[in-house]
Amino acid sequence: MEKRVESDRRASKAKGGLEIRLLGPFEIRREGVALELPASRKVRALLAYLALAPRPVTRGQLVDLLWDAANDPRGELRWCLSKIRRLIDDAGRARVDASDDGIRLDLSDCRVDALEIVAATQTGLESLSAERLRALAEQLRGELLEGLELDAPPAFASWLAAQRRRFRGCHTALLEHLARHGSSGDPFPNLEKWLELAPFDRRAHETLLEALVREGRVREAQQHLASAVSRFEEEGLDPSVLRDAWKHVRVEARAEAKPPLSLELPSVSRRASVAVMGFTGECDVTGIPGGTADGLARDVITRLAKLRSLFVIGEGSVFALRERNVSPQEAARMLDVDYVVSGAMRRHGERLSVTAELAETRTARVVWAEEFSLETGETFRVIDEIGNRIVASVAHEIETAERNRAILRPPSSLDAWEAHHRGLWHLYRFSANDNPLAQHFFETAVGLDPTFSRAWAGLSFVHFQNAFQTWAERGPEIERAYAAAGQSLLADDRDPAAHCAMGRALWLRGSHEQSIRELEASIELSPNFALGHYTLGFVHSQSGDAGAAIGFCDQSRQLSPFDPLLFAFLAARAMALARLGRFDEAADWSARAAARPNAHAHVQGIATYCLALAGRLEEARAQLMVIRRLRPGYGIDDFLGAMHFSPEGVEIFRKAALRI
């Protein structure tokens with residue numbers, strides 16, 4: 001979307017010409033007078049699509065987009081174009097170019113509200129005056145093509161939904177710049193609208209708190225903080241960032257510091273952050289999650305994670321947000337990342353079409369966009385090309401990213417690849433019913449492609465769960481987990497997931513030091529590998545360095561704050577705190593872990609015993625009853641039998657059990 005329109009053009013300049021309003025109710029004005037529009041909704045839809053198209057669109061693409069089983073779709077297209085000509089062409093000035101198969105609109109001398117917004121974001125909001133930002137924000141008076149309901153193929157509905165999300169992102173970015181960087185004036189209307197559009201944008205809450213304190217409205221700030229914390233907790237989001245922001249605001253207010261408040265989240269290094277959202281599409285006719293589109297997004301995440309200069313949000317978080325129907329721009333704001341990658345995938349017979357784009361979160365500027373259309377037999381070529389282009393574009397944008405990147409070798413069979421992702425979908429349910437299904441898909445994958453390292457690692461995790469949860473006989477399952485991890489390393493010893501699988505298996509076998517070495521190798525290969533950091537924290541939390549365990553668990557949460565294993569991240573941290581004698585903290589963290597979805601019996605056990613250590617005996621007994629409804633007779637021997645505590649750790653948790 002790079003249509004050239006002068007971003008600072010004033011309404012007065014275009015008053016005597018043609019003006020097209022796509023934001024809010026559709027409207028066309030000539031010489032300041034609204035024109036009567038054709039009754040056909042498809043004329044409006046076609047004009048909007050062509051106006052926003054970055055390049056000429058073929059007649060075939062337009063027919064597929066807007067017509068379904070029409071008697072003469074190309075004839076209807078010609079009729080719609082004739083109506084558009086009557087609306088926007090002038091004597092001696094043809095704005096509809098349909099001289100060949102590609103159709104485009106030349107709107108360079110027109111004022112188009114949507115294109116002005118796009119041009120402003122592409123130019124850079126930081127370069128615009130507060131007056132210009134306010135003028136642009138006023139143009140965003142409603143949704144794109146507001147109220148338009150169209151009987152058309154799903155492709156148009158998908159395009160319209162994506163464009164509406166994009167302009168909501170632009171609106172949010174404009175309001176943020178006005179609220180944070182605008183000239184003197186009342187900032188609160190912009191802040192309120194910003195929060196309305198992005199209710200879980202941490203910076204919006206932080207900026208509002210700062211503005212309220214600056215004006216001496218401390219009580220209102222406290223009330224807003226309490227309300228925001230409650231809403232974050234209702235959505236399963238971590239409210240600690242809001243509390244940290246409040247502490248910063250109060251400290252800055254007391255010190256009356258002149259520099260602007262900086263509330264950036266702490267990071268282990270100065271790296272640009274990126275979230276790769278799940279690709280939308282209709283490629284999997286079964287409708288089962290975990291298909292080609294999800295697999296593509298996971299593969300792009302892995303490739304980006306191999307760049308040491310980037311902070312990449314883990315797949316667990318982005319897929320969790322996608323399942324909540326959170327848009328890419330909104331998810332990026334919730335995750336507080338600098339960039340967001342999103343895309344779509346469609347299948348046309350034997351051809352696969354993939355679109356992908358990289359956008360800045362805070363400005364809504366599209367940094368890079370591309371479309372690929374290849375034969376389905378070349379799917380891996382699509383993955384390689386998209387991965388390479390995304391990585392190269394992000395590296396260029398931040399100017400400090402490493403040029404040398406390790407490309408994860410894809411499996412040689414698409415069926416094996418998809419089977420692996422089906423297995424992941426079931427594995428992350430952490431249930432005795434789903435684990436056999438995960439095993440089936442992983443075994444299918446390695447049967448089709450024995451060199452598929454990640455499928456072997458997934459199979460190892462299946463057997464790990466069987467042993468750890470005692471869903472099957474422990475001894476044989478431990479050896480199966482170890483054997484599958486060995487196969488994963490043989491297939492690709494540069495895959496961090498393979499080293500992580502071996503680290504888990506060695507831990508099951510009681511080989512603590514070897515386990516640590518393998519897990520350290522996994523995060524050396526991919527410093528953004530959240531599962532590797534967590535597993536190191538898990539192992540250290542029981543019989544290693546408890547202080548280091550806390551650091552590893554915190555790093556895993558920072559890398560993937562919405563991970564399906566978040567309950568385990570929190571629980572491992574709680575065990576480490578208990579070993580350090582910090583029982584009150586351990587109780588709080590373990591209770592948070594037990595409240596997470598998919599928290600299994602051992603996580604509930606961690607909460608039970610940590611609550612007992614903190615003297616919260618009634619809560620501990622209630623938690624124990626929750627476990628025994630799931631696993632009758634569960635007790636301290638079951639808990640300690642699953643874990644590998646040092647003698648001191650065993651003593652601590654046995655004392656906890658005696659208290660209840």
Check against side-chain contact (heavy atoms from CB on, under 4.5 Å), Leu335 and Leu321:
CA-CA 10 Å; Leu335 293 164; Leu321 290 175; 3.9 Å; yes
- request: Carefully, step by step, assess Glu206 and Val249 under the rule side-chain contact (heavy atoms from CB on, under 4.5 Å).
  value: CA-CA 8 Å; Glu206 293 163 356; Val249 170; 6.0 Å; no
Let me see the working for Ile652 and Phe583 under side-chain contact (heavy atoms from CB on, under 4.5 Å), right down to the final yes or no. CA-CA 10 Å; Ile652 289 171; Phe583 299 138; 4.3 Å; yes
>> Is there a ring-ring contact (aromatic ring centres under 6.0 Å, His included) between Phe441 and Trp425? Walk through the geometry before answering.
In response: CA-CA 10 Å; Phe441 284 115; Trp425 190 84; 9.3 Å; no
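Checked against side-chain hydrogen bond (donor to acceptor under 3.5 Å, both in side chains), Arg504 has no partners two or more places apart in sequence or in another chain. Residues satisfying the ring pair (Phe, Tyr, Trp, His ring centres under 6.0 Å) criterion with Phe464, sequence neighbours excluded, are Phe461, Phe468. Under the rule for a side-chain hydrogen bond (donor to acceptor under 3.5 Å, both in side chains), the partners of His512 that lie at least two apart in sequence or sit in another chain are Ser543. For Ala438, the side-chain contact (heavy atoms from CB on, under 4.5 Å) partners at least two apart in sequence or on another chain are His426, Leu427, Phe442, Val462. Contacts of Glu330 classified as side-chain hydrogen bond (donor to acceptor under 3.5 Å, both in side chains), with partners at least two apart in sequence or in another chain: none. Under the rule for a side-chain contact (heavy atoms from CB on, under 4.5 Å), the partners of Arg517 that lie at least two apart in sequence or sit in another chain are Glu513, Gln514. For Ser317, the side-chain hydrogen bond (donor to acceptor under 3.5 Å, both in side chains) partners at least two apart in sequence or on another chain are Ser560. For Ala332, the side-chain contact (heavy atoms from CB on, under 4.5 Å) test picks out Val337, Val340, Thr361, with sequence neighbours left out.
Under the 4.5 Å side-chain criterion, counting only non-hydrogen atoms from C-beta, Phe232 is in contact with Arg202. Between Leu459 and Gln487, the closest side-chain pair of non-hydrogen atoms is not below 4.5 Å. For the pair Leu536 and Ile516, the minimum side-chain heavy-atom distance is below 4.5 Å. Two residues are said to be in side-chain contact when any heavy atoms from C-beta on lie closer than 4.5 Å; His499 and Glu524 fail this criterion. Within the 4.5 Å cutoff, the side chain of Arg557 has no heavy atoms near those of the His533 side chain. Leu519 has its side chain out of reach of Phe552: every pair of non-hydrogen atoms, C-beta onward, lies at least 4.5 Å apart.
The line from CG of Leu611 to CD1 of Ile606 is 11.5 Å long, rounded to the nearest 0.5 Å. Taking CD from Gln222 and CG from Leu225, the interatomic distance works out to 8.0 Å, rounded to the nearest 0.5 Å. Interatomic distance, CE of Met277 versus CD1 of Ile313, reported as 10.5 Å (0.5 Å rounding). Here the OG atom belonging to Ser541 is positioned 7.5 Å from the CE atom belonging to Met643, to the nearest 0.5 angstrom.
Scanning both residues, Ser515 and Val539, for their nearest heavy atoms gives OG-CG2, 3.9 Å. Nearest heavy-atom pair, Ala491 versus Pro450, reported as atom, atom and distance to 0.1 Å: CB-O, 4.4 Å.
Asp495 and Ser453 form a side-chain donor-acceptor contact under 3.5 Å, judged by distance and modelled atom types alone.
At a threshold of 4.0 Å, the pair Glu235-Arg231 does not count as salt-bridged, since none of the basic side-chain nitrogens sits closer than that to a carboxylate oxygen. A salt bridge links Arg616 and Asp588; the closest N-O separation between the charged side-chain nitrogens and carboxylate oxygens is under 4.0 Å.
Sorted by first then second residue, the salt bridge (charged side-chain N to carboxylate O under 4.0 Å, His left out) pairs that include residues 468-488, not counting sequence neighbours, are Glu477-Arg480, Glu479-Arg509. Sorted by first and then second residue, the pairs that involve residues 591-613 and meet salt bridge (charged side-chain N to carboxylate O under 4.0 Å, His left out), not counting sequence neighbours, are Asp238-Arg592. For residues 616-641, the set of pairs meeting the ring pair (Phe, Tyr, Trp, His ring centres under 6.0 Å) definition, not counting sequence neighbours, comprises His602-Tyr634, Tyr609-Phe639, Phe639-Phe645, Phe639-Phe653. Within the structure, salt bridge (charged side-chain N to carboxylate O under 4.0 Å, His left out) contacts touching residues 632-648 (residues at least two apart or in different chains) are Asp637-Arg654.
Between Phe567 and His600, the ring-plane angle classifies as perpendicular under the 30° and 60° cut-offs.
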